[in-house]
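In what follows, a structure is listed as structure tokens, so that the remarks can point back to it.
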Amino acid sequence: MTTRPDRGGDLPPRPPGVPAIPAQPGPEAAAAAPPPAAPPAPAAEEPAAADPAVDAATEPAPRPDRAQYGVVAFLALVGGFVIFDATTRIGRAINTADPIGPKPVPILLGVLLLVIAVIYAVDVARGGRGEPEAGEDVDLSLPIDWRTVLLLVGAFLVNAVLIERLGWVISGTILFWGSAYALGNRHYVRNLLIAVALSLITFYTFAIGLGVDLPAGVLQGIL
């Protein structure tokens, strides 16, 4: 017989082989427990390396810059004119000091200009473009300033027409002053004084330093 605790005896022994029952947590312990950790996200797949051959095939072909054909035409015209002038106007003056004569050099220059024009035309047709100068602050998207271009061309034409009649000093003054005006300088008196000084300096530099007399025009006998 087993004894009872209320009768002053010991607790009855637990039968062997029965495991202990763990204590069940209450609602307070369940609320304090941290939430389960989320599973780690899968690693992002690295993008596949771009295939240069595929990119080259998908890119549109470069369009030729048709404005460059004007430069090609200009080079071809200059080369043709130089060859024509050398073969029709230059004589066959040959002496012991110059056995080649005056014709081969301008003809060679004209042929080189024609070759450059052909190579440039092929490059433009294949989509070649010149790289912009990094040191220049130029916005290529803006339209051409035709007013400035026409004023500069006019100044050069006036100089070419008046240089024989008025002389280099006067025509050169008009050229320098007109170029400054075309480029936006509005200091008229200062520009006129600088233009006169430049014309006189170039006139005497060619006459004294190089032995080349520029046209004096109406100032013949004064200069």
Side-chain angles (χ1 to χ4, degrees), residues 55-94 98 100-185 191 195 198-199 202-203 205-206 210 212 214-215 217:
D55 294 342
T58 55
E59 290 181 356
R63 299 177 60 183
D65 187 3
R66 300 185 183 277
Q68 300 301 320
Y69 287 118
V71 181
V72 174
F74 176 76
L75 292 175
L77 287 175
V78 173
F81 176 77
V82 170
I83 295 175
F84 175 79
D85 186 71
T87 55
T88 57
R89 295 183 56 186
I90 300 179
R92 297 178 175 271
I94 300 175
D98 186 12
I100 299 178
K103 282 189 175 183
V105 173
I107 292 176
L108 177 61
L109 292 177
V111 171
L112 290 177
L113 285 173
L114 293 177
V115 172
I116 292 174
V118 172
I119 296 175
Y120 193 23
V122 173
D123 180 69
V124 173
R126 297 178 61 182
R129 293 175 178 270
E131 296 183 0
E133 178 63 32
E136 296 183 1
D137 187 11
V138 179
D139 189 357
L140 299 178
S141 62
L142 295 177
I144 299 176
D145 187 1
W146 288 109
R147 179 179 179 274
T148 301
V149 174
L150 293 177
L151 287 175
L152 288 174
V153 172
F156 279 93
L157 290 178
V158 170
N159 174 71
V161 172
L162 299 180
I163 187 172
E164 292 292 341
R165 301 177 182 178
L166 302 181
W168 164 252
V169 174
I170 298 178
S171 65
T173 300
I174 296 174
L175 173 63
F176 294 138
W177 187 89
S179 300
Y181 177 83
L183 296 176
N185 196 315
N191 292 342
L198 288 176
S199 300
T202 53
F203 181 85
T205 299
F206 273 85
L210 302 177
V212 177
L214 295 177

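Counting only residues at least two apart or in different chains, side chain to side chain donor-acceptor pair (under 3.5 Å) contacts with residues 70-80 are absent. Screening residues 149-158 for side chain to side chain donor-acceptor pair (under 3.5 Å) gives no qualifying pairs among residues at least two apart or on separate chains. Sorted pairs that involve residues 155-179 and meet salt bridge (Lys or Arg N to Asp or Glu O under 4.0 Å), not counting sequence neighbours, are lacking altogether.
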With a cut-off of 3.5 Å and sequence neighbours excluded, list every side-chain donor-acceptor pair involving residues 169-183.
| from | atom 1 | to | atom 2 | distance (Å) |
| --- | --- | --- | --- | --- |
| S171 | OG | N159 | OD1 | 3.1 |
| S171 | OG | G167 | O | 2.9 |
| S171 | OG | W168 | O | 3.4 |
| T173 | OG1 | V169 | O | 2.5 |
| T173 | OG1 | S199 | OG | 3.2 |
| W177 | NE1 | Y188 | O | 3.2 |
| S179 | OG | L175 | O | 2.8 |

Distance-only criterion, 3.5 Å: show the donor-acceptor pairs between side-chain atoms of residues 80-88 and protein atoms not counting sequence neighbours.
| from | atom 1 | to | atom 2 | distance (Å) |
| --- | --- | --- | --- | --- |
| D85 | OD1 | R89 | NH1 | 3.3 |
| T87 | OG1 | I83 | O | 2.9 |
| T87 | OG1 | F84 | O | 3.1 |
| T88 | OG1 | F84 | O | 2.6 |

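The side-chain contact (heavy atoms from CB on, under 4.5 Å) check on V122 picks up R126, with sequence neighbours excluded. Residues forming a side-chain hydrogen bond (donor to acceptor under 3.5 Å, both in side chains) with T205 (at least two apart in sequence, or on another chain): none. The side-chain contact (heavy atoms from CB on, under 4.5 Å) search around V71 returns Q68, L75, Y120, not counting sequence neighbours. When the side-chain hydrogen bond (donor to acceptor under 3.5 Å, both in side chains) test is applied to D123, no partner is found at least two apart in sequence or on another chain.
When I144, V149, D145, L150 are each tested for a side chain to side chain contact (heavy atoms under 4.5 Å, CB included) with R147, only one passes: D145.
Summarising the geometry, atom CD1 belonging to I119 is positioned 11.5 Å from atom CG belonging to L114; distances are rounded to the nearest 0.5 Å.
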